[in-house]
Amino acid sequence: MESGRKLERAFFQRNPTICAKELIGCTLSFAGCAGMIVETEAYAALGDPACHTWRRPSAREFVLKHQPGSAYVYLNYGLHWLFNFLVKGGESDGFVLIRALKPLHGIEIMKQRRNRLKAEELCNGPGKLTQSLEINGVHHGIDPISAKGWNLSLGKTDLATIHASSRIGITQAREYPWRFFLPRCKFVSLPSRGAESHP
DNA sequence: GGGCCGATTAGG
DNA sequence: CTAATCGGCCCG
């Protein structure tokens with residue numbers, strides 16, 4: 001697969017961890033705003049207590065009824081919309097949470113929506129990037145591969161440069177190194193710390 | 001209907 | 001450190 005090309009359905013028909021890692025460097029565009037994905041997390045539909053499918057019948061139903069690449073969007077803490085891709089059809093199904101973007105286009109609009117001036121504060125968190133791109137519950141279940149206004153394209157990041165760490169903010173299954181990010185990137189959600197490793 | 005929880009964030 | 005705020009889920 002080649003940089004700049006649109007992501008195909010097959011991209012999401014692989015394991016959640018592979019998809020999460022390879023989404024780093026890809027570009028996510030929606031309605032005039034775009035950013036390079038610099039931080040993700042993988043969640044597994046089976047055997048992962050941190051995944052919604054562990055406790056929510058509705059999440060299990062979502063996996064069954066939607067095609068790979070679909071948007072799984074939900075409201076967290078009653079305040080923040082979080083955006084995931086459904087991953088399905090590989091050895092295991094699951095989700096990839098998009099946690100941070102490096103803003104590329106529509107930066108002025110993002111600044112207005114976020115009421116923030118610094119580019120590194122626009123999309124450096126899962127709830128912040130949805131606010132910047134104006135992604136919310138109406139996008140739950142849509143297919144960004146084909147939906148009007150959306151575009152997903154491949155990056156050129158060397159996979160060997162991507163770091164991994166524990167996932168952030170969860171209380172279950174903290175030990176899995178399923179957070180992926182670009183090291184020393186000022187657009188990731190947190191200063192790199194804690195136990196990090198190359199996959 | 002009530003109670004609890006949570007893949008977060010901004011502000012003090 | 002904490003408040004903010006609500007869908008999903010379970011219980012009764």
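Here is the naming used below: chain letters follow the sequence lines, and residue numbers restart at 1 for every chain.
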### Task
May I ask you to say what A/Arg174 touches in the nucleic acid, namely base, sugar-phosphate or nothing, with a heavy-atom cut-off under 4.0 Å?
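No contact.
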### Message
Run the side-chain contact (heavy atoms from CB on, under 4.5 Å) test on A/Leu82 and A/Leu75 for me, step by step, so that the C-alpha distance in whole Å, both residues' side-chain angles and the decisive distance to 0.1 Å come before the verdict.
### Response
CA-CA 6 Å; A/Leu82 272 58; A/Leu75 187 64; over 6 Å; no
### Query
Taking CZ from A/Arg55 and C1' from C/dG8, how many angstroms apart are they, rounded to a whole number?
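In whole Å, C/dG8 C1' and A/Arg55 CZ are 12 Å from each other.
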### Query
Is the A/Phe85 to A/Phe12 ring centre distance short of 6.0 Å?
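Yes.
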### Query
Using 30° and 60° as the class limits, which term best fits the ring planes of A/His139 and A/Phe30: parallel, tilted or perpendicular?
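Perpendicular, since the angle between the ring planes exceeds 60°.
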### Message
When both hydrogen-bonding distances must be under 3.5 Å and the geometry is Watson-Crick or G-U wobble, what is B/dA7 paired with, if anything?
### Response
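Its partner: none found.
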### Message
Applying the Watson-Crick and G-U wobble criteria at under 3.5 Å, what pairs with C/dT5? Answer none if nothing qualifies.
### Response
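Because no pair has both required distances under 3.5 Å, C/dT5 counts as unpaired.
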### Message
Rounding to an integer number of angstrom, what distance separates B/dA10 and C/dG7 when you compare their C1' atoms?
### Response
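Taking atom C1' in both B/dA10 and C/dG7, they lie 22 Å apart.
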### Task
Take A/His52 and A/Tyr72 through the test ring-ring contact (aromatic ring centres under 6.0 Å, His included) and record every step on the way to the result.
CA-CA 11 Å; A/His52 278 188; A/Tyr72 179 86; 5.7 Å; yes
### Query
Salt bridge check: are A/Arg167 and A/Glu41 linked by an N-O gap of less than 4.0 Å?
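Salt bridge flag = no for A/Glu41 with A/Arg167.
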Produce the list of close N/O pairs, under 3.5 Å, pairing protein atoms with atoms of nucleotides 4-8 of chain B; give distances to one decimal.
residue	atom	partner	partner atom	Å
B/dA7	O4'	A/Tyr43	OH	3.4
B/dA7	N9	A/Tyr74	OH	3.3
B/dA7	N7	A/Ala50	O	3.3
B/dA7	N1	A/Asn84	OD1	2.3
B/dA7	N1	A/Asn84	ND2	3.3
B/dT8	OP1	A/Arg99	NH1	3.2
B/dT8	O5'	A/Asn76	ND2	3.4
B/dT8	O2	A/His80	NE2	2.7

### Task
For the residue pair A/Ser166 and A/Arg174, confirm or rule out a side-chain donor-acceptor distance under 3.5 Å.
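Checked: A/Ser166/A/Arg174 side chains show no N/O donor-acceptor pair below 3.5 Å.
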